[in-house]
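The block underneath contains the structure these notes are about, expressed in structure tokens.
Just so we're clear, the structure is a prediction, and the values are computed from it rather than from any experiment.
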Amino acid sequence: MNLAGRGLNDEGLFELVAGLRDALQSTPPGHEIMLLELNLSNTKISTTSLSVLSTIIDLSANRLKDLDLSDNLIAIDTKEDERAWEIFLQSFRRCTVMKRLVLSQNDLSNPVAFEIFARVYSQHPRIEENMLLGAPSVGDEDEVTSSLFSMAKSGPKALVSTTEVGSKKACGLRSIPYIIIQEVNMIHLGALWLSFVLEVHHKPDSLMAPLKFGPIAAIIQEYNRSACEGIVYKPNTKLFANGWKLLDASEISRRQRGTMDQSLHLTSSGSDVSR
Amino acid sequence: MSDCSLNLFLLTSFSSRGDDFTPLSPVLNSPKGVGISELTSLRRKFQREAIDTLVQRPQLWSATLRLLLYSRTLLYKTRPVRSSNGILAISRGYMNENGTAVKGVHTGLQNLRIREERSLRNLWTSSTVMKHPSARQIQTRILRYAADPRFVLNDRQVRKIIDYGNDPRSISRERDHRAKDVSHQIWHLLESVGCLSYII
């Protein structure tokens, strides 16, 4: 569903959500309506809409792949805003196929926005190593990979978690390969909270298979040029040198952790073989 | 409770190490000594700045300080208080002057919808009862509801804060650092109880 650029505003969104909720909840078996992508970019919606939107996100937890809320009026100024922001972020808890969440060009200048983001992130289920693509401990890697490619070919019916292995599914904010927060007026104290998330967020290539050539793949290639992996926070013009240093140090730490994890895998798989 | 009041109470709070801003928890060091250590150092700097400058203190830190204050308050209720002791005097004054801490406990009790408030409050004045595991659980729940109704802290952090607050030895450690500035003391206190950041 692409509503980008329409003057929807909060009232319009409330009506949209009410309609969508009915449609998602009350369709007969075999005629299900699935919300796969929702583009609400530049629709003049504010933070008030976030808690309403969370019901739709939760209802589409196993289907929704892409949510674009960029260039809106989202700002975390009041206690009510904080609550709405937290409810919104929590609504991704059960989401298993999200590939991209875009929050760019909103006002997240209040550090509490990133504090709440870090808290919700910490509360979402951890991703176990065997849930990652390409992990040495994955039981039947070929099967997973082929199911992902078949998903890309055959569309919604084949939609499974990008990181599903057996009955276990990665879910929540931790499982979203691309979280885009460009130009959100982030300041260094917001970057402080983001640095904790950045340090542990898995890289996109371990959370999802490469996309086939197309518009979304082209956008993602553009993100990769920003030298950010997964959590895309460049550019953010309000962030000064020290903030960038902190985020750069987080990226270095993340890479070192990744290298250490790989060495551990190699060591453990080597010892398994020797047994 | 205002952050200012918390600052007043916690002027004396943190552990007794002489080194400045050295974490109690082990810090991963990168092979070349860059990256992670620089990350830790920058984080400390930003955290100090946040304690010094932010009008609206991070929710995690506020909840931690509130919970610690309530835990301390209860500790003083169950032990003899010497008025000559600066820290205890601050705490006593705090309770007597505005009763905020006691009010917080009341809120917790109301949140739990427990009718027998009076008998439950007596738990803290009876050392025999307090030795019972279920009494400690109730105490923890009440303190948590009072200090952290939004559940910003996780279970591990709650336990650590209450244990720290109930440990009389922590007071003697804090006493040595009363001359340091407030942000220094608060930083070390938050670090001591593992609440400078969320456990991600």
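Taken from NZ in Lys245(A) to CD in Glu38(B), the straight-line distance is 5.5 Å, to the nearest 0.5 Å. Rounding to the nearest 0.5 angstrom, the gap separating the CG atom in Leu192(A) from the CG atom in Leu42(B) is 10.0 Å. Here Gln59(B) contributes atom CD and Glu82(A) contributes atom CD; the two are 5.0 Å apart, rounded to the nearest 0.5 Å.
Inter-residue side-chain proximity for Leu39(B) and Glu199(A) is flagged as met; some heavy-atom pair is nearer than 4.5 Å. Looking at heavy atoms from C-beta onward, Leu60(B) lies in side-chain contact with Trp193(A) at the 4.5 angstrom threshold. Side-chain contact between Ile200(B) and Val197(A) is present, with at least one heavy-atom pair separated by less than 4.5 Å.
More than 12 heavy atoms of other residues, nucleotides or ligands shown are found within 6.0 angstrom of CZ on Arg225(A). Atom NZ of Lys234(A) has more than 12 heavy atoms from other residues, nucleotides or ligands within 6.0 Å.
Minimum heavy-atom separation, Gly243(A) to Phe46(B): N-CZ, 3.9 Å. Of all the heavy atoms in Arg126(A) and Ile199(B), the pair that sits closest is NH2-O, 3.6 Å.
Arg119(A) forms no cation-pi arrangement with Phe151(B), by the criterion of a distance under 6.0 Å to the ring centre and an angle within 45° of the ring axis.
The pair Arg57(B)-Glu115(A) does not meet the salt-bridge criterion, since no charged nitrogen lies less than 4.0 angstrom from a carboxylate oxygen.
Contacts between Leu247(A) and chain B at a heavy-atom distance below 4.5 Å are absent for every atom of the residue. Only the side chain of Tyr121(A) comes within contact range of chain B, with at least one heavy atom under 4.5 Å from a heavy atom of that chain. Residue contact with chain A, scored on non-hydrogen atoms closer than 4.5 Å, is absent for Leu153(B). Heavy atoms closer than 4.5 Å to chain B are found nowhere in Asp248(A), neither backbone nor side chain. With a 4.5 Å cut-off on non-hydrogen atoms, Gln123(A) touches chain B through its side chain but not through its backbone.
Judged purely by atom type and a 3.5 angstrom limit, Arg43(B) uses its side chain to pair as donor or acceptor with the backbone of Ser195(A).
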